Amino acid sequence: MRPLASYSRPLLRSFNARALAPCRPRAIPRPASTSHRRFTSDPTDTAEPSEHDLRYGCYDIILPAEPYEWGTAHILPRGVPPHIPRPPYVRDVPDAASERAAASSGRKLVTDAEDLGKLRRAARLASGVLGFAGQLVQVGRTTDAIDAAVHELVLACGSYPSPLRYKGFPKACCTSVNNVVTHGIPDDRPLQDGDIVNVDITVYFDGFHGDTSRTFLVGDVDEKGRELVEITEAALEAGIAVCKPGQPFKSIGLAIHDFLKGKDYCVSPQFSGHGIGREFHRQPWILHHLNDEPGEMQPGDCFTIEPAIIQGTEPRGWTFPDGWTVSTENCARAAQAEHMVLITDSGAEVLTRPAES
């Protein structure tokens with residue numbers, strides 16, 4: 001998912017006073033050693049639920065651990081054997097020029113039969129790895145343990161985990177829990193009963209990237225959390241349904257907007273889908289909200305649709321000190337779902353849809 005703009009705010013002096021003011025729990029102090037806190041208290045607590053609880057449900061709030069550590073230099077990336085082909089942005093000595101060139105890659109159509117075969121295989125591999133990761137999502141397992149298993153599986157398949165060392169990202173996948181909108185870094189927090197977690201998988205296989213994500217339920221999730229995940233999947237399908245040759249790219253955002261109309265949900269405008277193929281991120285940029293983005297779909301276009309749906313009507317997010325993890329400002333929950341879509345002569349092919357679907 002490509003950020004459209006930076007809404008990060010200075011956190012060092014004003015983090016608790018401003019960013020978290022709406023998220024104060026009822027009579028539950030936050031231990032300094034934990035990176036989360038529960039919005040509601042013990043189930044035996046007889047206190048009246050807050051307005052926030054009534055609107056958004058009961059779940060753990062994910063916050064950066066204290067003392068804050070800036071950036072990701074303190075997180076040691078897992079190793080990759082030398083025989084695994086790396087994408088161009090992974091270098092022993094960072095090359096800023098090549099990273100800028102990759103980030104500004106223009107639109108490219110994939111029409112060569114051999115390239116289409118490689119693209120489909122990368123997408124199928126990403127889909128399979130996501131299915132594997134979903135089986136690991138359970139109460140008590142850490143997201144870092146999920147990342148370790150994903151890392152090993154991707155390498156065993158002769159591919160490279162695309163997020164690893166992409167602009168400094170230190171892990172093989174993204175895991176975004178509860179109020180985290182996107183780009184969560186796997187860590188040692190055990191998943192809790194009632195969490196929701198998005199796992200975002202991208203693999204680099206035979207010169208092409210495959211990218212997909214889904215939000216999974218952890219244990220017994222409350223009704224509002226389950227509904228959020230269902231709404232998110234349906235919003236993704238609404239965007240996919242309008243894809244075909246000659247269709248304006250902006251129709252995807254319109255379809256998602258129309259689907260969410262009248263519901264107590266909104267879509268994040270801060271992140272977009274993106275073209276994908278030999279490059280991880282390239283044009284076209286796929287906006288999920290109402291927009292006037294120019295351009296029409298053509299056979300050979302391949303891009304991701306990946307709306308991040310947020311409870312309520314406040315879509316803004318802020319970035320943790322790690323520089324990656326983005327939470328909703330009011331700590332409402334978010335969910336995300338993602339597929340790769342290839343425009344064909346007759347319509348659209350969803351490359352990352354699981355085979356059983």
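What you are looking at is a predicted structure, and each value in this text was computed from that prediction instead of being measured. No hydrogens, no waters, no symmetry mates; every other heavy atom, side chains included, goes into these values.
Shortest non-hydrogen contact noted between S159 and F205 is CB-CD1, 3.7 Å. Residue H151 comes nearest to G79 through the heavy atom pair NE2-O, 2.8 Å, listed as atom of the first residue, atom of the second, then distance. Shortest non-hydrogen contact noted between E314 and N330 is OE1-ND2, 3.7 Å. The shortest heavy-atom contact between T352 and S127 is O-OG, 3.1 Å. Nearest heavy-atom pair across P245 and S346 is CD-C, 4.5 Å. V137 and L217 get closest at one heavy-atom pair: CG1-O, 4.0 Å.
In this structure, F271 CZ and H289 NE2 are separated by 12.5 Å, a value rounded to the nearest 0.5 Å. If you take CH2 on W324 and OG1 on T319, they are separated by 10.5 Å, rounding to the nearest 0.5 Å. The line from CG of L260 to NE2 of H288 is 11.5 Å long, rounded to the nearest 0.5 Å. Note: D195 CG to I62 CD1 = 6.0 Å, rounded to the nearest 0.5 Å. Atom CE of M340 and atom OG1 of T202 lie 9.0 Å apart (nearest 0.5 Å). In this structure, the separation between CD1 on I146 and CD on Q135 is 11.5 Å, given to the nearest 0.5 Å.
Annotation: side chain of K118 is not in contact with side chain of D112 (no heavy-atom distance under 4.5 Å). Side chains of S162 and F169 form no contact here, defined as non-hydrogen atoms less than 4.5 Å apart. Side-chain contact between T215 and E233 is absent, with no heavy-atom pair separated by less than 4.5 Å. In this structure, the side chains of L164 and V90 stay at 4.5 Å or more apart for every pair of heavy atoms. Contact of the Y59 side chain with the D222 side chain is not registered, since no non-hydrogen atoms from C-beta on lie closer than 4.5 Å. You'll find the side chain of N198 stays beyond 4.5 Å of the side chain of T182, heavy atoms only. Under the 4.5 Å side-chain criterion, counting only non-hydrogen atoms from C-beta, R141 is not in contact with V218. Residues T212 and H339 form a side-chain contact, since some pair of their non-hydrogen atoms from C-beta on lies under 4.5 Å apart.
With no hydrogens or angles considered, no side-chain donor-acceptor pair links D200 and S213 at under 3.5 Å. For the residue pair T142/D188, the side-chain donor-acceptor check at 3.5 Å is not satisfied.
Residue I256 is grouped with residue F249 when hydrophobic side chains (ILVMFWY) are merged at heavy-atom distances under 4.5 angstrom, including chains of intermediate members. Under a hydrophobic clustering in which Ile, Leu, Val, Met, Phe, Trp and Tyr are joined whenever their side-chain heavy atoms come within less than 4.5 Å, directly or via other members, I240 and L254 fall into different clusters. At a threshold of 4.5 Å between side-chain heavy atoms, the hydrophobic network of Ile, Leu, Val, Met, Phe, Trp and Tyr places L119 and V203 in two separate groups. Residues Y166 and I276 are members of separate hydrophobic clusters, defined by side-chain heavy-atom contacts under 4.5 angstrom among Ile, Leu, Val, Met, Phe, Trp and Tyr. V221 and V177 fall into different hydrophobic clusters, defined by Ile, Leu, Val, Met, Phe, Trp and Tyr side-chain heavy atoms under 4.5 Å apart, directly or through other members.
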I343/F303 under side chain to side chain contact (heavy atoms under 4.5 Å, CB included): CA gap, chis, key distance, verdict: CA-CA 9 Å; I343 302 302; F303 50 83; 3.8 Å; yes
Residue pair S251, M297: steps toward the side chain to side chain contact (heavy atoms under 4.5 Å, CB included) verdict: CA-CA 10 Å; S251 63; M297 304 173 200; 4.1 Å; yes
Trace of the side chain to side chain contact (heavy atoms under 4.5 Å, CB included) decision for D264 with T313: CA-CA 7 Å; D264 193 25; T313 57; 4.1 Å; yes
Derivation of the side chain to side chain contact (heavy atoms under 4.5 Å, CB included) call for K224 and R333: CA-CA 10 Å; K224 292 182 183 297; R333 278 178 290 190; 3.8 Å; yes
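Looking at R165, its side chain does come within 3.5 Å of a backbone N or O of R91 through a donor-acceptor pair. Within the 3.5 Å criterion, the main-chain N or O of I84 finds a donor-acceptor partner in the side chain of R86. E349 places no side-chain N or O within donor-acceptor distance of the main-chain N or O of L342, the cut-off being under 3.5 Å. In this structure, T304 contributes its side chain and H274 its backbone to a donor-acceptor pair below 3.5 Å. D301 places a side-chain N or O within donor-acceptor distance of the main-chain N or O of Q298, the cut-off being under 3.5 Å. Not one N or O on the side chain of E329 forms a donor-acceptor pair closer than 3.5 Å with the backbone of R316. Judged purely by atom type and a 3.5 angstrom limit, D322 has no side-chain atom pairing as donor or acceptor with the backbone of G71. With hydrogens and angles ignored, the 3.5 Å screen pairs a side-chain donor or acceptor of R282 with a backbone N or O of K108. Counting only distance, with no hydrogens or angles, the side chain of N178 and the backbone of D60 share a donor-acceptor pair below 3.5 Å. Remark: the backbone N or O of I75 is not paired with any side-chain donor or acceptor of T72 at under 3.5 angstrom.
In this structure, E237 pairs ionically with R353, as a charged nitrogen and a carboxylate oxygen lie closer than 4.0 Å.
Between Y68 and W70, the ring planes are perpendicular. Angles over 60° get that label, and only those under 30° would be called parallel. Note on ring orientation: taking the six-membered ring where Trp is involved, the planes of Y204 and H209 are tilted (angle from 30° to 60°).
Within the hydrophobic cluster formed by Ile, Leu, Val, Met, Phe, Trp and Tyr side chains joined at under 4.5 Å, directly or through other members, L76 stands alone, with no partner residue.
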